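Take a look at the structure below.
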Amino acid sequence: MIPTGKVRTRFAPSPTGYMHVGNLRTALYAYLKAKSAGGTFILRIEDTDQERYVEGAVDIIYNTLRETGLVWDEGPDIGGPVGPYVQSERMGMFKGYAEQLVKEGKAYYCFCDKERLDEMRLVQKASGQAPHYDGHCRKLSPEEIRAKLDAGVPYVIRQKIPQEGTTSFEDVVYGHIEVDNATLDDQILIKTDGMPTYNFANVVDDHLMGITHVIRGSEYLSSTPKYNLLYEAFGWEIPTYIHCPPVMKDAQNKLSKRNGDASYQDLIAKGYLTEAVLNYILLLGWSPKGEREIFTLDEMKDVFDESGIGKAPAIFDPAKLRYINAEYLRAMSEETFFTKAKPYIDSVVKTDCDKALLAEVLHPRCEVLSDIPEQVDFIDAMPEYDLALYTNKKMKTTAKTAKEALAAALPALEGIPAGGFTKDAVHEAMFALIAEKGVKNGWMLWPLRVALSGKQFTPGGGVELAAVLGKERTVARVKAALERL
RNA sequence: GGCCCGAUGGUCAAGCGGCUAAGACAUCGCCCUUUCACGGCGGUAACCCGGGUUCGAUUCCCGGUCGGGUCACCA
């Protein structure tokens with residue numbers, strides 16, 4: 001049913017809200033591990049926690065995975081040989097496994113109620129001990145168990161954890177991990193309501209689904225020995241573990257889902273490109289063998305290797321994300337960039353202008369698309385500006401020379417036919433003037449740029465701005481500037 | 001608190017007993033240039049501390065410090 005010898009990984013999120021960067025990275029690594037080995041990537045929704053269930057969260061998971069291209073080979077919507085892939089639909093299949101363990105003496109019924117448990121922990125804490133189940137019901141005789149069962153006393157099923165010895169395993173990223181069994185609790189497998197605990201369901205599901213590599217956050221590192229004891233109790237093959245360090249907001253805090261901009265959809269809303277986000281996330285905690293850092297998803301499949309995953313928590317660095325986003329933007333063709341930039345330009349520029357040219361000059365000056373509105377805000381209306389802007393030491397300009405330059409530029413600009421007011425035409429006219437007057441380019445062009453934009457920095461120089469704005473507005477703005485000067 | 005894990009420039013990170021300790025981002029300077037960018041060139045900047053082991057430790061061992069995780073009828 002399940003092909004043997006093939007890598008099978010899964011991403012098993014709980015639908016509890018946003019998909020933050022750390023989750024996405026785990027999904028990415030799981031996907032890449034499967035794909036780089038020609039294996040299968042599985043999506044399983046772990047929705048057993050009704051308390052934390054968030055409406056719409058499943059759709060966020062689907063959408064994020066689809067947008068980023070992390071397509072699953074088996075999952076809730078498309079099925080597969082080991083479904084169902086939604087944990088709440090699998091609820092019936094766990095109790096039998098737990099009872100099998102009870103029969104084999106590897107698990108037992110526990111009738112302790114909450115009060116006893118609470119009191120026990122209180123006492124343990126007071127005496128400086130770590131809280132743990134004291135094994136009270138381990139000692140029950142078969143008759144006592146039978147009687148309680150018959151009397152309908154509520155019970156849970158606990159696993160018998162060896163009280164001595166150690167349990168160890170090899171994690172791909174953390175290496176050898178070993179703990180004393182004495183520090184492990186007799187974990188609950190089946191709850192009073194007959195439902196499995198997360199840990200139990202997780203182990204059974206991973207086994208039933210033939211998962212060969214478990215890729216998850218390092219918060220599971222310390223519970224992994226318990227998982228393994230379960231695999232051993234069943235005689236199942238233990239998967240390979242790849243635990244990933246957390247993604248941090250800063251040195252002390254993990255990236256928080258809420259109240260942060262770290263979720264995938266927040267980043268997209270901020271104008272980042274999907275490919276850039278994915279590429280940056282790849283690099284967060286993983287390092288490629290060579291010097292190259294920019295990879296498409298397909299390329300990642302070739303270069304990804306779990307041995308490159310680091311052990312230390314990685315701090316999310318927006319500056320580097322910006323850089324990578326800029327790399328993707330610059331790699332775009334002029335046409336593609338225009339398409340992507342247009343909505344951002346349109347959000348601010350309501351009047352008519354040469355938007356294709358505007359996009360072209362914006363292109364190398366844009367790290368994130370959302371930078372655009374602020375850069376083009378002068379197009380519809382001239383901002384208030386100080387005449388001091390005309391003074392530029394390097395250009396050797398002052399308000400006085402600006403007046404002279406603009407006075408000369410005005411007729412030249414007016415002389416260009418309205419229908420042919422292109423960048424080339426403006427360029428030709430201005431440079432003819434510059435040659436004629438024997439002045440520095442900047443002497444002429446700096447004032448023009450200021451007169452057209454009223455800004456210290458602009459996308460493009462005077463020539464480009466004139467062409468973007470068109471003849472009518474260019475002439476009007478130069479005239480207006482002349483009046484002020 | 002017990003247990004587990006981690007620590008190389010501001011950030012991401014190579015390194016795996018002997019190196020002038022890579023690279024990228026950020027930062028600084030120069031060049032290019034009609035502003036700003038882009039591009040090119042160059043610079044500043046790091047092995048948490050203390051003991052060992054060794055001819056020699058960033059690398060191995062022990063202790064400490066700091067940080068993270070985990071100890072539920074949550075997932």
Side-chain angles (χ1 to χ4, degrees), chain A residues 12-14 16 46-49 51-52 87 110 112-114 117 121 125 128-132 154-158 171 173-175 177-180 182-185 187-193 195-199 201-202 217-225 243 245-246 248 251-254 280 283-293 308 310-324 326 330 361-367 375 389 392 394-395 427 430-431 434 440-450 453 455-465:
Chain A
S14 301
T16 56
E46 308 218 323
D47 60 346
T48 54
D49 188 353
E51 299 282 302
R52 293 201 303 169
Q87 209 162 49
C110 170
C112 296
D113 57 25
K114 195 157 187 343
L117 259 22
R121 291 198 186 98
K125 269 203 160 160
Q129 291 181 58
H132 65 279
Y155 64 90
V156 300
I157 296 178
R158 286 183 188 270
D171 185 80
V173 351
Y174 288 94
I177 304 288
E178 180 167 340
V179 299
D180 285 333
T183 66
L184 269 22
D185 218 357
Q187 62 179 335
I188 292 177
L189 272 18
I190 298 292
K191 301 184 276 189
T192 309
D193 61 6
M195 296 293 126
T197 55
Y198 167 82
N199 288 141
N202 202 268
S218 63
E219 65 269 25
Y220 292 99
L221 205 51
S222 37
S223 43
T224 301
H243 285 96
M248 311 287 287
Q252 359 307 74
N253 303 294
K254 257 176 98 166
Y280 175 61
L283 265 17
L284 247 194
W286 176 81
S287 86
K289 291 276 185 286
E291 219 104 286
R292 185 144 86 104
E293 290 191 319
K311 303 187 228 280
I315 299 173
F316 181 88
D317 180 12
K320 179 108 187 198
L321 206 212
R322 272 187 81 84
Y323 163 78
I324 289 179
R330 284 178 214 126
V361 295
L362 241 17
H363 198 168
R365 284 169 251 259
C366 180
E367 293 193 294
Q375 289 176 292
L389 258 189
N392 183 296
K394 201 171 160 206
M395 299 300 133
H427 188 274
M430 289 299 103
F431 277 76
I434 286 164
K440 280 191 67 172
N441 296 345
W443 187 87
M444 187 80 213
L445 271 3
W446 171 272
L448 210 216
R449 199 182 58 78
V450 173
S453 69
K455 294 183 80 171
Q456 174 92 252
F457 309 124
T458 54
V463 171
E464 287 83 7
L465 293 191

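Proteins come first, then strands; the chains are lettered A, B, ... in the order of their sequence lines, and each starts at number 1. Remember, it's a predicted structure, so these values are computed and weren't measured experimentally.
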Think [X] has a side-chain N or O under 4.0 angstrom from the OP1 or OP2 of [N]?
X: A:Arg121; N: B:rC73; answer: yes
X: A:Lys191; N: B:rC74; answer: yes
X: A:Tyr198; N: B:rA75; answer: no
X: A:Ser287; N: B:rA14; answer: yes

Query raised in the report: Does any donor-acceptor pair link the side chain of A:Arg449 with the base of B:rU34 at a separation under 3.5 Å?
Result: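 Answer no: no donor N or O sits under 3.5 Å from an acceptor.
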Query - A:Lys394 (side chain) and B:rU33 (base): donor-acceptor pair under 3.5 Å - result: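 Flag set: donor-acceptor pair detected.
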Query raised in the report: Which residue, A:Asn392 or A:His132, contacts RNA chain B at a nucleotide closer to its 5' end, judged by nearest heavy atom?
Result: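 With A:Asn392 and A:His132 compared, the 5'-side residue is A:Asn392.
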Query raised in the report: Of A:Thr197 and A:Thr458, whose closest RNA chain B nucleotide lies nearer the 5' terminus?
Result: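 Residue closer to the 5' terminus by nearest nucleotide: A:Thr458.
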Suppose we define a pair by two distances each less than 3.5 Å, Watson-Crick or G-U wobble; what does [N] pair with here?
N: B:rG50; answer: B:rC62
N: B:rA24; answer: B:rU11
N: B:rA57; answer: none
N: B:rC3; answer: B:rG69
N: B:rC30; answer: B:rG40

Query raised in the report: Side chains of A:Asp171 and A:Thr224: closer than 4.5 Å at any heavy-atom pair?
Result: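 Not touching, per the 4.5 Å side-chain cut-off.
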Query raised in the report: Is any side-chain heavy atom of A:Pro288 closer than 4.5 Å to a side-chain heavy atom of A:Leu283?
Result: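 Yes, at least one pair of side-chain atoms sits under 4.5 Å.
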Can you tell me which nucleotide in [options] comes closest to the side chain of [X]?
X: A:Asp317; options: B:rA75, B:rC25, B:rU35; result: B:rC25
X: A:Thr192; options: B:rA24, B:rC73, B:rU34; result: B:rC73
X: A:Phe457; options: B:rU34, B:rC36, B:rC12; result: B:rC36
X: A:Ala319; options: B:rA26, B:rA14, B:rA24; result: B:rA26

Between [N] ([atom2]) and [X] ([atom1]): distance, integer Å:
X: A:Glu219; N: B:rC71; atom1: CD; atom2: P; result: 10 Å
X: A:Lys320; N: B:rG9; atom1: NZ; atom2: C1'; result: 14 Å
X: A:Ile434; N: B:rU34; atom1: CD1; atom2: P; result: 8 Å
X: A:Tyr323; N: B:rC38; atom1: OH; atom2: P; result: 11 Å

Report task. Mind checking A:Arg330 for me? I need base, sugar-phosphate or nothing, with any heavy atom below 4.0 Å counting as a touch. Result ->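 Sugar-phosphate, no base atom in range.
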Report task. Answer with base, sugar-phosphate or nothing: what part of the nucleic acid does A:Met430 contact at a heavy-atom distance below 4.0 Å? Result ->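 Touches nothing.
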Provide the distance between the two [atom1] atoms, one in [N] and one in [M], to the nearest whole Å.
N: B:rC47; M: B:rC36; atom1: C1'; answer: 39 Å
N: B:rA7; M: B:rA14; atom1: P; answer: 10 Å
N: B:rG9; M: B:rA45; atom1: P; answer: 14 Å
N: B:rC25; M: B:rG39; atom1: P; answer: 9 Å
N: B:rC12; M: B:rA22; atom1: C1'; answer: 14 Å
N: B:rC55; M: B:rA46; atom1: P; answer: 31 Å
N: B:rC66; M: B:rU58; atom1: P; answer: 24 Å
N: B:rA57; M: B:rG52; atom1: C1'; answer: 11 Å

If you round to the nearest 0.5 Å, how far is [atom2] of [Y] from [atom1] of [X]?
X: A:Asn392; Y: A:Gln456; atom1: CG; atom2: CD; answer: 8.5 Å
X: A:Ile157; Y: A:Ile188; atom1: CD1; atom2: CD1; answer: 10.5 Å
X: A:Asn441; Y: A:Phe431; atom1: CG; atom2: CZ; answer: 4.0 Å

Query raised in the report: Ring centroid separation for A:Tyr280 and A:Tyr323, is it under 6.0 angstrom?
Result: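 No: the rings miss the under 6.0 Å criterion.
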**Report entry** Side-chain donor/acceptor of A:Asp185 to backbone N/O of A:Gln187, under 3.5 Å
**Finding:**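 Not a single qualifying donor-acceptor pair exists.
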Query - Side-chain donor or acceptor of A:Asp180 paired with backbone N/O of A:Ala182 under 3.5 Å - result: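 No, because the side chain of A:Asp180 does not come within donor-acceptor range (under 3.5 Å) of the backbone of A:Ala182.
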Query - B/S/- contact track for nucleotides 2-8 of chain B, protein heavy atom under 4.0 Å - result: -SSSSS-
Report task. Using the side-chain contact (heavy atoms from CB on, under 4.5 Å) rule, take A:Ile434 and A:Leu445 through it: C-alpha gap first, then chi angles, then the decisive distance, then the call. Result -> CA-CA 9 Å; A:Ile434 286 164; A:Leu445 271 3; 3.9 Å; yes
